[in-house]
Amino acid sequence: MSEQEKRDNAATPQESVSSEKKAKAPKEKKKEKKPNRVLRWLKDLKGELKKVTWPSAKDVVKNVGIVILCVILVGIFIWVFDFLARAVVEALLSLFH
């Protein structure tokens, strides 16, 4: 046997013993009652929402207008591209038909 194999074999029993101890530890922690997580989460949520900088109504209307304009422009672009692609395909089909 090589020195490396001897070390690996020697380390294996110790690791299994320590892993057994580690496996038992979480079970003991589960028995302990924790404070109500939902109430703590709601309290933290309230604190975080106080830190938020909310946009004004004017900013919201402006941003909604920009989004609507972008959607319309992209729709027009897709419509034009679809029209041109259909015309090209029909022209190619008419050539070979």
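Residues meeting the side-chain contact (heavy atoms from CB on, under 4.5 Å) test with I72, sequence neighbours left out: I68, I76. When the side-chain contact (heavy atoms from CB on, under 4.5 Å) test is applied to D59, the partners found at least two apart in sequence or on another chain are P55, S56.
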Chi angles and distances behind the side-chain contact (heavy atoms from CB on, under 4.5 Å) call for R86, E90 | CA-CA 6 Å; R86 184 180 49 176; E90 286 178 355; 3.6 Å; yes
Tabulate below the donor-acceptor pairs under 3.5 Å that side-chain atoms of residues 43-51 make, not counting sequence neighbours, or state none.
{"unit_1": "E48", "atom_1": "OE2", "unit_2": "K51", "atom_2": "NZ", "d": "3.3"}

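Follow the hydrophobic side-chain contacts under 4.5 Å out from L84 and you never reach L73; the two are in separate clusters.
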